[in-house]
Amino acid sequence: MGPMKKKYEAGEATKYITRAQALKKLQLNLKDFRRLCILKGVYPREPNNRKKAQKGKLDKKTLYYVKDIRFLSHEPLIWKFRDFKVFMRKMKTAMEKGDKETVARLKENKPSMKLDHLVKERYPTFMDALNDLDDCLTLCFFYSTLPRDTKVPANLISLCRRLTVEFLHYVIAAKALRKVFISVKGIYYQVEIKGQPVTMLINHQRGFKPTSASDVDYRIMTNFVDFYTSMLGFINFRLYHSINLQYPPKLPGITVKEDATDEDAVEEYNELVAALNSSLVTNVPQAEEEVQIDEFPSAEGAEKLEEAKREAEAIERLKSLFKGLKFFISREVPRESVVFVIRSCDGEVSWDPSIFAGATYDETDESITHQIVDRPSVDKQYLSRYYIQPQWLFDCINFRRLLPVEDYFIGANLPPHISPFVTERLGDYIPPERQMLLALQRGETLPAEQEEEEEEEEDESEDDSSDEEEEEGKVEKKEPIKSQVVKEKKGMKVMRGRVEMPDVKGMEEEDKEHYKFRELMIRNKDKRLYRSMMKNRRNREREAKRLENKRKQHEKEEKSLKKSTSSGKALTAKWSIQPLSATSDTQTKKMKMM
Amino acid sequence: MATSTLGAAWLVDESDKLNKKKPKRIVKHKKKAWRVTSNVEDVERFLESKRLDERLGAPLEERPSDSLFVVDTKTEADKTVKSEPTKKRKIKEIGPLRCYAILTPNSAVTDPLKKRNRVRRPEERGDPLLRKIMEERRANGKIPTRFLQSMKHHQENVEALAKKKKPERLRTTFDFDLWGDAGNSLMIGDKKVSALDLSDELKTYTMEKMGKRIYSRPPTMFKKTTGLKPVEYPHPGTSYNPTYQDHQALLKEAYNLETKEMKEEVRTRRRLGPMLKKIPVQRKEEDWWSEMTQGLGDDEEPAKEEEEEVPCVRPTKPKTRKQKIRAKALKWQDMRRKKLKEAKKRLLEFDRLRSIRREIRKSEELTAKRIEIRKKEKEAKMFKPAMLGRHKYVPPPIEVNLSEEITGTLRGLKTEGHVLIDRYKSMQRRNIIEPRIRQTVVFKYKHKVFTKRSHSEPKGLKVGNRDKDKTPVQ
């Protein structure tokens with residue numbers, strides 16, 4: 001049996017170590033310990049039983065796993081920290097003695113750190129690193145906008161700026177942008193890298209908003225950014241090479257030596273890179289590859305495959321959404337986000353050269369198709385181009401289609417900017433704008449303008465079916481049949497055999513019956529859960545219906561108001577066709593959104 | 001004048017004259033009188049001026065005018081306007097401070113002692129003959145190669161130092177693929193630490209054969225600390241131009257939060273009511289006085305009575321041997337009885353095997369259920385901030401534009417929230433860093449108390465009763 005064990009010598013108590021104990025064990029001060037933990041990815045843990053983990057003590061302490069701390073003790077960075085401490089001590093002595101020679105010599109041999117091995121250790125594969133990119137990008141983007149006089153080291157800020165610009169260049173080159181959302185906090189971008197969605201939040205380009213010391217600890221955040229810069233640099237290197245771009249990014253036609261002494265020239269070059277307006281030098285001429293989805297006979301059936309295909313097509317369309325369009329940005333529009341969005345959808349863009357370097361053409365250029373303006377009126381307007389508000393760009397990307405420009409004209413009251421990140425549950429209320437967006441995302445064409453009666457009918461049918469998607473599917477199915485009928489009428493001699501229409505009603509009823517039987521078969525154990533689920537769903541549906549009715553009422557009222565003010569001539573002008581739209585689908589129909 | 005010939009001594013007499021006193025008589029034929037009566041001021045002044053001339057060098061009238069004056073041929077405009085001098089340049093231009101300059105010897109008089117031992121200047125050192133030869137050679141353009149070489153090396157060193165890259169705080173150039181071949185040969189720590197979790201056999205093998213221990217990253221470190229996303233999808237109502245419903249929904253959320261907080265505040269206020277009562281200053285003082293004088297004065301006597309009333313504690317008597325033996329026997333008896341009871345119970349249990357099976361099944365079901373519940377709890381826990389330290393996680397306020405703040409254009413957008421605060425809170429929510437309240441160090445120095453001498457009564461010296469006329473305090 002062995003000697004009896006005392007209390008807290010086994011189990012939960014031996015699994016944890018308090019922070020103070022860890023400090024003592026590693027012989028570090030709190031500042032260095034925090035830094036080490038952040039760099040290595042060691043986090044405090046919450047024990048299952050705090051009293052046992054703290055060996056009977058009741059006040060709440062920060063606990064770590066003993067194994068984690070033991071692992072930390074083998075980290076060579078600890079020695080770097082100690083070196084740095086010694087360095088600082090020597091520096092201080094020399095400074096206070098006024099020994100300039102020693103200070104200069106010490107400064108030259110200042111100990112520096114490399115975090116390569118930590119990046120590799122924490123992310124053994126590239127995909128692991130991509131999984132964790134959200135945080136990294138958001139923080140780096142924020143740090144790149146900091147003013148120089150904050151407590152953060154200036155070279156870290158410039159490094160962040162460089163790395164984030166490089167990443168934006170990658171997104172532009174790979175056409176990886178998928179979703180954009182402008183919120184009051186900042187702009188959310190969703191980017192797809194190697195099939196992995198990466199979301200990042202970039203703050204608005206406004207003045208720097210200082211934070212109080214009680215809000216955020218800058219020292220901690222700087223430690224995170226230290227690690228993230230190393231990580232983002234290596235990720236950028238790999239991403240650039242994956243699409244055959246040179247890294248560090250190079251602009252075609254402009255050469256700046258790496259060891260150039262002229263700082264102004266280097267700065268100017270960096271600014272040109274930051275303009276995001278020219279494609280980078282590639283290593284090898286790239287061969288365009290048509291990606292085709294392999295067809296596997298899957299158990300889920302053809303429907304899912306069809307959906308996936310449609311999705312892929314829509315993304316392909318998104319990639320060259322603004323192809324052939326020429327934009328000009330007015331000075332009041334946030335330049336960087338707009339340029340990024342346009343360029344990552346294959347558009348051409350320029351701006352007033354006095355705002356930022358890298359403008360390619362002038363405002364007077366006749367071939368400009370769209371000018372992006374964010375003010376109530378412009379004095380001198382060209383007839384050959386549309387004057388639109390910036391929201392058009394963002395909405396186009398979320399809808400994955402060029403939207404009619406009329407709603408976004410200069411001074412117009414904009415339609416709401418809808419979040420592309422929302423996923424609805426079954427039976428939720430979906431506002432008509434959102435329904436439109438969903439349909440477009442799935443790659444369907446905009447529904448044709450119909451008479452009001454028809455519209456109402458459609459609404460009713462929507463009410464009937466709880467699942468909105470199913471309904472859309474039906475519409476999709478009906479269309480090819482119609483087209484076949486038209487072909488038959490065109491005078492083919494040998495008549496084709498008609499497809500026998502399946503008995504839809506009978507099948508549906510059968511389905512319903514099956515469903516009821518299945519409901520009966522539910523175990524008593526799960527019945528309550530099932531009932532509550534169904535009840536909730538019904539509630540949601542009811543709520544949705546209520547909201548829909550409300551909306552209808554609201555629209556009716558508005559319509560009556562409009563009729564009284566002006567006979568609806570605006571409607572016909574709305575949603576007319578784009579002259580230079582690059583999409584293959586013909587949008588000859590006049591469309592209506594609301 | 002008598003005063004001028006007799007000097008200072010007469011001055012005294014003159015004042016006496018005014019007082020109509022007799023002048024002091026001086027014996028004029030003695031040497032002592034010479035000192036008093038003769039005036040050598042003019043001689044001394046002359047000598048002093050001569051000494052000054054010697055110290056300053058040649059007198060001004062003897063010096064050439066070139067050394068004293070400069071012919072200013074340049075116009076004001078031609079002169080380059082110097083930029084604001086730096087601190088370093090200022091010192092160089094102005095020279096040392098005047099307070100220091102005064103202290104340095106600045107005499108033009110040559111040292112009268114030619115042989116005085118002093119530090120030679122560099123050009124004076126060495127053999128004068130050799131120096132002369134070297135100077136001649138240098139004039140002819142012959143410089144020793146040794147010297148040239150050293151000059152060259154020095155120049156090279158200076159250039160190399162200028163070219164040398166400044167030490168970087170962190171890596172800024174990324175020139176290899178970390179996840180490729182170059183990354184594989186990367187040194188992780190001192191190679192004792194491995195990136196991946198290696199098998200125990202491999203670890204023991206290396207320990208046995210190589211004598212090196214491998215420390216691998218504990219598998220818990222690869223696990224996610226939370227199920228939350230790093231960048232959470234925003235509420236659709238936070239759009240700069242939201243739909244009416246979305247915005248109302250978000251506003252309602254914010255409103256609910258606010259009302260909850262307000263309710264909480266009202267509750268705490270009510271609970272702390274008596275503690276937060278306002279008390280007038282006068283009453284507070286009275287209370288303080290009564291509190292401080294508690295137990296003073298007239299209640300000394302009852303205290304004595306209390307002392308008498310304290311009961312004394314009797315020491316316990318130890319058990320006798322007989323008692324001990326008896327207690328032991330009783331204990332044994334008890335144990336035996338319990339054992340017998342147990343055995344009897346076990347025998348009886350044969351009869352109720354069925355019910356026991358039922359019990360077992362029930363308990364197993366219960367454990368299965370509990371396992372399920374715990375699993376669910378654990379999963380739910382992954383979406384909540386954990387308690388990592390003393391402080392609880394405080395969620396940030398909901399960022400929402402009020403209805404009148406929404407302009408509907410990008411230009412008129414009123415931003416809410418802060419990305420950095422959002423990140424900081426998100427990390428706390430995801431259990432990466434513990435929530436904490438910033439501590440500020442306040443240095444409290446101990447006051448040294450002493451009385452000023454001028455204020456204290458000097459010891460041992462009594463100067464009457466100072467407080468005689470003052471009324472004694474209380």
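Closest heavy-atom contact between Ser419(A) and Pro234(B): OG-O, 4.3 Å. In terms of heavy atoms, Val231(B) sits closest to Thr199(A) at CG2-O, 3.7 Å. Smallest separation of non-hydrogen atoms from Asp374(A) and Thr409(B): OD1-CB, 3.8 Å. Nearest heavy-atom pair across Leu410(B) and Arg206(A) is O-NH2, 3.2 Å. Pairing each heavy atom of Val422(A) with each of Pro236(B), the nearest pair is CG2-CG, 3.6 Å. Scanning all heavy atoms of the two residues, the minimum distance from Phe222(B) to Arg122(A) falls at CE2-O, 4.1 Å.
Remark: Asp134(A) does not engage Lys229(B) in a salt bridge, criterion side-chain N to carboxylate O under 4.0 Å. A salt bridge does not link Asp59(A) with Arg390(B): none of the charged nitrogens is closer than 4.0 Å to a carboxylate oxygen. For the pair Glu399(B) and Lys185(A), the salt-bridge criterion is met [side-chain N within less than 4.0 Å of a carboxylate O].
One finds the CG atom of Asp177(B) at 8.0 Å from the CZ atom of Phe126(A) (value rounded to the nearest 0.5 Å). For the atom pair Met387(B) CE and Glu46(A) CD, the distance stands at 8.0 Å (nearest 0.5 Å). Rounding to the nearest 0.5 Å gives a distance of 8.5 Å between CZ of Phe174(B) and CD of Glu166(A).
For Gln391(A), the parts lying under 4.5 angstrom from a heavy atom of chain B are both the backbone and the side chain. Within the 4.5 angstrom heavy-atom criterion, atoms from both the backbone and the side chain of Thr415(B) approach chain A. Residue Lys165(B): no heavy atom, backbone or side chain, is found under 4.5 Å from chain A. The parts of Glu416(B) that come within reach of chain A are both its backbone and its side chain, each placing non-hydrogen atoms under 4.5 angstrom from that chain. Of the atoms belonging to Val333(A), not a single heavy atom falls under 4.5 Å from chain B. With a 4.5 angstrom heavy-atom cutoff, Leu161(B) touches chain A only via side-chain atoms. Contacts of Arg45(A) with chain B are made by both backbone and side-chain atoms, with heavy-atom separations under 4.5 Å. Looking at Lys378(B), there are no atoms closer than 4.5 Å to chain A (heavy atoms on both sides), in backbone or side chain. With a 4.5 angstrom heavy-atom cutoff, His391(B) does not touch chain A via any of its atoms. For a residue to count as touching a neighbouring chain, one of its non-hydrogen atoms must lie under 4.5 Å from one of that chain's; by this rule Phe84(A) does not touch chain B. Proximity to chain A (any heavy atom under 4.5 Å) is restricted, for Asp422(B), to the side chain, taken from C-beta onward. Only the side chain of Lys164(B) comes within less than 4.5 Å of a heavy atom in chain A; its backbone stays farther off.
Contact annotation: the side chain of Tyr65(A) never approaches that of Met221(B) to less than 4.5 Å [non-hydrogen atoms, C-beta and beyond]. Residues Pro376(A) and Arg411(B) form a side-chain contact, since some pair of their non-hydrogen atoms from C-beta on lies under 4.5 Å apart. A heavy-atom distance below 4.5 Å is not found between the side chains of Phe237(A) and Thr173(B). Two residues are said to be in side-chain contact when any heavy atoms from C-beta on lie closer than 4.5 Å; Thr243(B) and Ile418(A) meet this criterion. Contact annotation: the side chain of Glu434(B) approaches that of Arg34(A) to within less than 4.5 Å [non-hydrogen atoms, C-beta and beyond].
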What's the verdict on side chain to side chain contact (heavy atoms under 4.5 Å, CB included) for Tyr244(B) and Arg551(A), showing C-alpha distance, side-chain angles and the deciding distance? CA-CA 10 Å; Tyr244(B) 178 71; Arg551(A) 173 88 184 209; over 6 Å; no

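Put simply, the side chain of Arg19(A) never gets that close to the backbone of Gly389(B): no donor and acceptor are under 3.5 Å apart. Using a distance-only test at 3.5 Å, with no hydrogens or angles considered, no donor-acceptor pair links the side chain of Lys67(A) to the main chain of Pro219(B). A donor-acceptor contact shorter than 3.5 Å links the side chain of Ser239(B) to the backbone of His417(A).
When each of Asp68(A), Asp217(A), Leu414(A) is checked for heavy-atom pairs under 4.5 Å with chain B, Asp217(A) comes out on top. For chain B, the option among Thr211(A), Asp226(A), Leu547(A) with the highest count of heavy-atom pairs below 4.5 Å is Asp226(A).
Note: Phe176(B) and His241(A) fail the aromatic proximity criterion, with ring centroids not under 6.0 Å apart.
Within residues 424-432 of chain B, the residues having any heavy atom closer than 4.5 Å to a heavy atom of chain A are Tyr424(B), Met427(B), Arg430(B), Asn431(B), Ile432(B), listed by residue number.
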